[in-house]
Amino acid sequence: MAEQLTTRQENYSQWYNDLVIKSGLAENSAVRGCMVIKPYGYSLWENMRDVLDRMFKQTGHQNAYFPLFIPKSFLSREASHVEGFAKECAVVTHYRLKESPDGQGIIVDPDSKLEEELIVRPTSETIIWSTYKNWIQSYRDLPILINQWANVVRWEMRTRLFLRTAEFLWQEGHTAHQTEAEAVEETEKIINLYADFVENYMAVPVLIGLKSVAERFAGAVETYCIEALMQDGKALQAGTSHFLGQNFAKAFDVQFLSKENKLEYVWATSWGVSTRLVGALIMAHSDDRGLVLPPKIAPLQVVIVPIYRNEEQLAKVSEVAENIQKSLQVKNISVKYDKRDEYRSGWKFNEYEMKGVPVRITIGARDLENNQVELFRRDTLEKIQVACDSVVNEVENLLDNIHRTMFAKALAFREQNTYKVDTWEEFKNSIENKGGFVSAHWDGTPETEEAIKEQTKATIRCIPLNNPQEEGKCIYSGKPSKERVIFARAY
RNA sequence: CGGGAUGUAGCGCAGCUUGGUAGCGUGCUUCGUUCGGGACGAAGAGGUCGCAAGUUCGAAUCUUGUCAUCCCGACCA
């Protein structure tokens with residue numbers, strides 16, 4: 001019978017897990033906490049990566065590659081940085097194996113102990129800044145605008161496919177600047193670029209803001225973030241951009257001679273998004289039938305399914321289908337014609353709905369008689385009959401329409417699930433019973449933030465940029481506050 | 001690291017209480033009939049029951065140990 005997905009209402013995290021596996025995006029591997037990204041999932045990531053890569057290059061960045069391993073001593077140069085990552089680092093201590101003396105398998109050769117242990121990078125600030133030290137002498141060497149596509153390892157206690165895995169893929173940008181203003185400008189440019197990408201390609205609306213001190217990146221002066229709201233009412237941090245001040249320049253002694261012949265420390269930024277974005281995409285849009293993928297980054301935008309009773313009918317349908325396929329390909333639309341005979345059309349419908357293909361074209365003998373085909377849109381599940389000669393236009397418009405509809409739906413959801421509250425009782429009730437974003441006054445102290453977190457599991461997701469200033473009282477302490485911040489339970 | 005659970009065919013599970021021929025669903029292979037929303041029939045292939053020791057004539061089943069995984073906590077820029 002039908003292969004059913006656990007519904008979102010039954011068990012949201014089970015739904016998510018089932019969906020990732022059944023849609024063929026990824027699966028758990030033999031290594032605890034590490035996933036295998038399957039071709040369909042990797043193709044989605046490649047599309048996201050390609051768009052971002054283009055955006056980085058258009059804003060003057062170049063790609064480079066730095067080592068996977070970081071000497072242990074590097075990590076301890078910046079105090080708060082090591083504190084932030086120390087508890088989740090994988091460490092390489094030996095470089096050789098040998099046959100076990102008892103002949104049973106293989107052991108680590110105790111004679112191969114490394115002089116200095118190597119850390120598998122949890123992030124690359126340290127190795128990169130130790131390199132930048134060699135590259136920077138003069139203000140003429142600045143800015144350095146580099147991005148790297150890489151894998152990193154963070155030994156998380158509990159992992160979830162795409163959302164938190166021990167190893168994940170990401171990009172990390174690391175830039176070096178002459179002035180504080182220039183570095184801040186870069187940090188803001190990137191967070192806006194991320195928001196642009198997530199909204200205009202993934203169709204997920206985000207809030208842009210600053211992290212509180214407690215949520216700030218280890219080693220940063222200021223952390224900018226984009227926060228998205230998932231369908232279960234929990235927030236997901238979708239990307240971060242850090243203004244690092246001169247912290248890393250000082251830790252790695254990176255100075256330059258200015259135009260005025262003065263020795264100065266370099267100003268830095270770092271920023272990244274990861275395969276976690278795939279998780280965001282899934283949880284923001286998908287439904288109980290499967291994935292709903294935004295057209296601009298879907299691995300497959302259109303699938304054509306033939307309906308036929310015999311070889312003769314299939315031949316007729318195929319002629320039309322293959323013509324449509326070609327004319328869509330000319331428009332750079334990715335399209336697959338699935339005429340596999342071992343599966344029936346109904347099976348294929350369900351399969352492509354599970355996989356979230358935005359548009360399906362169905363062609364049967366009945367359609368050919370009327371010189372039309374049936375379009376099916378995954379987001380709203382609507383069927384539309386269109387004339388054969390207008391298919392290409394209709395599909396182009398539909399893909400565009402699907403993106404806008406998906407974004408509008410997600411935005412409406414966020415707006416319906418954002419609550420302004422002014423008292424502690426309302427706050428607790430909202431977090432506990434409604435979920436979503438809660439906009440509330442906060443006295444600005446880490447103590448209050450911590451107390452709220454302990455009592456409600458809600459954290460400050462961000463202090464929105466261009467936040468309207470208004471007088472108010474902290475919902476927890478009652479102390480005066482000048483602005484509202486966004487709270488939520490988060491992934 | 002604390003609490004709970006589970007390891008049996010690719011996947012999902014039953015069998016264990018009361019020891020005695022290794023089962024079901026799904027998937028896979030072949031053939032035939034089907035084909036406008038997950039078709040049906042027939043014939044097949046596939047398992048040292050996580051691992052190790054013990055009890056026994058005999059262990060998937062009982063005992064002990066061990067390893068692994070999952071869930072709930074703690075932890076999570």
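FYI, side chains are in, hydrogens and waters are out, and symmetry mates aren't considered; it's all heavy atoms of this structure. In what follows, chains are A, B, ... by sequence order, proteins preceding strands, each numbered from 1.
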On the side chain of [X], is there an atom forming a donor-acceptor pair with the base of [N] - under 3.5 Å, no angle test?
X         : N       : result
Lys383(A) : rG37(B) : yes
Arg289(A) : rG38(B) : no
Arg309(A) : rC35(B) : no

Can a salt bridge be assigned to the pair Asp379(A) and Arg377(A) using a cut-off of 4.0 Å between side-chain N and carboxylate O? yes
Can you tell me, in whole Å, how much space there is between the [atom1] of [N] and that of [M]?
N       : M       : atom1 : value
rG73(B) : rU21(B) : P     : 44 Å
rG10(B) : rC51(B) : P     : 13 Å
rG50(B) : rU61(B) : C1'   : 16 Å
rC40(B) : rA59(B) : P     : 42 Å

Hey, is the side chain of Arg164(A) poking within less than 4.0 Å of OP1 or OP2 on rC76(B), counting only N and O atoms? no
OP1 or OP2 of rC70(B) versus the side-chain N and O atoms of Arg158(A): is any pair under 4.0 Å? no
Side chain of Trp347(A) only, please: which of rG38(B), rG36(B), rU69(B) is the nearest? rG38(B)
Nearest-nucleotide pick for Lys87(A), side chain only, options being rU34(B), rG38(B), rC76(B):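 So the side chain of Lys87(A) is nearest to rC76(B).
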Mind calculating the distance between [atom1] ([X]) and [atom2] ([N]) to the nearest angstrom?
X         : N       : atom1 : atom2 : answer
Phe217(A) : rC76(B) : CZ    : P     : 15 Å
Phe376(A) : rG37(B) : CZ    : P     : 13 Å
Ile361(A) : rG36(B) : CD1   : C1'   : 16 Å
Glu351(A) : rG27(B) : CD    : P     : 13 Å
Met354(A) : rG37(B) : CE    : C1'   : 14 Å
Glu342(A) : rG38(B) : CD    : P     : 18 Å

Identify whether any heavy atom of Thr223(A) sits under 4.0 Å from a base atom; if not, whether one sits that close to sugar-phosphate; answer base, sugar-phosphate or nothing. nothing
Would you indicate what Gly84(A) reaches in the nucleic acid, counting non-hydrogen atoms under 4.0 angstrom: base, sugar-phosphate, or nothing? nothing
Assess the side chains of Thr269(A) and Thr175(A): does a donor N or O sit below 3.5 Å from an acceptor N or O? yes
Opposite nucleotide pairing with rG65(B), Watson-Crick or G-U, both atom distances under 3.5 Å: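 rG65(B) is paired with rC51(B).
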From CD (Glu156(A)) to CZ (Arg32(A)), nearest 0.5 Å: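 Glu156(A) atom CD to Arg32(A) atom CZ measures 9.5 Å (nearest 0.5 Å).
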Only one of Gln171(A), Glu172(A), His174(A) forms a side-chain hydrogen bond (donor to acceptor under 3.5 Å, both in side chains) with Gln148(A), so which one is it? Glu172(A)
Taking the inter-plane angle between the rings of Trp149(A) and Phe56(A) on a 0 to 90° scale, is it parallel (under 30°), tilted (30 to 60°) or perpendicular (over 60°)?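 If you compare the ring of Trp149(A) with that of Phe56(A), the planes turn out tilted.
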With RNA chain B as reference, determine whether Phe168(A) or Glu374(A) sits nearer its 5' end, using the nearest nucleotide of each. Glu374(A)
